[in-house]
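Please read the structure below before turning to the comments.
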Number of protein chains: 2
Amino acid sequence: MRADAQRNYARLLAVAEEEIALNGADASLEQIARIAGVGSGTVRRHFPNRHALLAAVFRDRVENLCAHARDRVGRPDTRAALLEWLNAVTTSAATIRGLAMALNRDRTADAEHEHCATTQLTEAGEPLVRQAAGDLAPGVTVTDLLALITGIALATEDHPDPAAEANRLLGLAITGLSPVDGRIRRPGPASGGS
Amino acid sequence: MRADAQRNYARLLAVAEEEIALNGADASLEQIARIAGVGSGTVRRHFPNRHALLAAVFRDRVENLCAHARDRVGRPDTRAALLEWLNAVTTSAATIRGLAMALNRDRTADAEHEHCATTQLTEAGEPLVRQAAGDLAPGVTVTDLLALITGIALATEDHPDPAAEANRLLGLAITGLSPVDGRIRRPGPASGGS
DNA sequence: TTGCTAAACGGCGGGGGTCTCCGTATCGTA
DNA sequence: TACGATACGGAGACCCCCGCCGTTTAGCAA
């Protein structure tokens, strides 16, 4: 990679981070180019699409979270280890504007990227979940947990204190909103239609 | 309201419903105008902003859900009544494209509309929650439940079967992902807990 | 140092979207 | 029937994304 290309790449990444922190995941690429002092073509060359830019911007954060998970594998208090990690993920997703949406987007995108953030988090968290399986409701997977977390983060994005609120909701979901034993009568699909 | 205005209003609403079902909450207003055979100014006059259009399109649905809630107030099995309603809301939010995003948006918007969908749902659901309070974790509010549901709906939007997946996640959150609390008695392969 | 070439740059043009504004057509009534 | 209010429609300004291509420049080799 040529030196000027490296410079521009770094510059764009820095500007993008600011701009995304400011305006969320749908910050204007044009604007980013303008601030970085490069042409729009340059942005597009380094990051073919918005998702690529988001992925690059959030890569460090995601890797931190993955490391965070790996650090906790093998600890005796498996449940606490998992919960700590979930809280960390939640805090990041709720705090860092655009991250939740990026995670959500690439969970849906048909796995074109093997290295997409969600895949990484899933793989990193899987051992934690496995070793804490005894403390989890039957059928709960890492994927479920991450889906729930991104959902919560999306829903709390505009809250005054997103991280606190998101973690509170996550806490409720973990211990159960209405944790009563015995079979609950399962209603059919909504009669709300029409 | 003039007759032609009424006609156009109805026509726009119908087209918008289709278009939103097809393309989600960010369907093109221009496109809607085109299909409806009116100028873009007309759609803009009837619905000053996208949110107004979404609100109008989803009004019936939301009202159904509110009625659904009211029907269940006073029933002896308060917990089941609440859960049924939550499932209905979840199914709608997950199934009807754009609804979840609309709910999320106007929960965040600074309550400019007193009649916004979220407010309506909150008011309608509050009695259900109150009467089932004994079965809920302490501190859980209607607002929490609705936030969680819209989050789940957003996160499952692109799932092959959104309603099923959303309801499954909601179920997990209700009974608890990892309900190792003192008050919970869980059967199953308890590994002793923590 | 100088020359060369491939890589990187930047910006133009097309397509589309939102939003405002205003001349014009139409409705409903006097 | 004639008139005023109301609603219509589209043009214009602005922004954004995207593909493309002529131009510049970094880095290597002679």
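Predicted model only: the values in this text are computed from it and were never measured. Residue numbers begin at 1 in each chain, while the letters A, B, ... track the order of the sequences.
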Item to check | Sequence-distant partners of A:Thr118, side-chain hydrogen bond (donor to acceptor under 3.5 Å, both in side chains), two or more places apart | outcome: A:Asp106
Item to check | Selection residues 36-46 of chain B - residue pairs positive for side chain to side chain donor-acceptor pair (under 3.5 Å), sequence neighbours left out | outcome: none
Next on the checklist: I'd like to check the side-chain hydrogen bond (donor to acceptor under 3.5 Å, both in side chains) partners of A:Arg168; sequence neighbours left out, ordered by chain and number.
Outcome noted: A:Glu165, B:Asp144
Checklist entry - For C:dA8, does OP1 or OP2 lie under 4.0 Å from any side-chain N or O of A:Asn8? => result no
Item to check | Span of DNA chain D, from the first to the last nucleotide whose atoms fall under 4.0 Å of chain A heavy atoms | outcome: D:dC16 to D:dG27
Item to check | Partner residues of B:Arg130 under the side-chain hydrogen bond (donor to acceptor under 3.5 Å, both in side chains) criterion, sequence neighbours left out | outcome: B:Glu126
Checklist entry - Nucleotide by nucleotide, 5' to 3', does protein get under 4.0 Å of the base (B), only the sugar-phosphate (S), or neither (-) in nucleotides 24-30 of chain C, counting heavy atoms? => result --BSS--
Checklist entry - Can you name the residues that form a side chain to side chain contact (heavy atoms under 4.5 Å, CB included) with B:Ala56, not counting sequence neighbours? => result B:Tyr9, B:Leu13, B:Phe47
Item to check | Atom pair distance, as rounded to whole Å: NE2 in B:His51 and P in C:dT18 | outcome: 16 Å
Protein N or O to nucleotides 19-21 of chain C N or O, pairs below 3.5 Å:
residue : atom : partner : partner atom : Å
C:dC19  : OP2  : B:Arg44 : NH1          : 3.0
C:dC19  : OP2  : B:Arg44 : NH2          : 2.7

Checklist entry - So with a 6.0 Å cut-off around CZ of A:Arg61, is the heavy-atom count from everything else above 12? => result no
Next on the checklist: Taking only side-chain N and O atoms of A:Thr42, does any of them lie within less than 4.0 angstrom of OP1 or OP2 on C:dA8?
Outcome noted: no
Just list the side-chain donor-acceptor pairs under 3.5 Å for residues 26-38 of chain B, sequence neighbours left out, or say none.
residue : atom : partner : partner atom : Å
B:Ser28 : OG   : B:Glu30 : N            : 3.3
B:Ser28 : OG   : B:Gln31 : N            : 3.0
B:Gln31 : OE1  : B:Arg34 : NH1          : 2.8

Item to check | Remaining members of hydrophobic cluster (4.5 Å side-chain criterion), B:Met101 | outcome: A:Met101, A:Leu154, B:Leu154
Next on the checklist: Nearest whole Å is fine: how far is C:dA7 P from A:Tyr9 OH?
Outcome noted: 19 Å
Next on the checklist: Applying side chain to side chain donor-acceptor pair (under 3.5 Å) as the test, list every pair that has at least one member in residues 82-97 of chain A; sequence neighbours left out.
Outcome noted: A:Arg72-A:Glu84, A:Arg75-A:Glu84, A:Thr91-A:Asn167
Item to check | For B:Glu63, side-chain hydrogen bond (donor to acceptor under 3.5 Å, both in side chains) partners two or more places apart | outcome: none
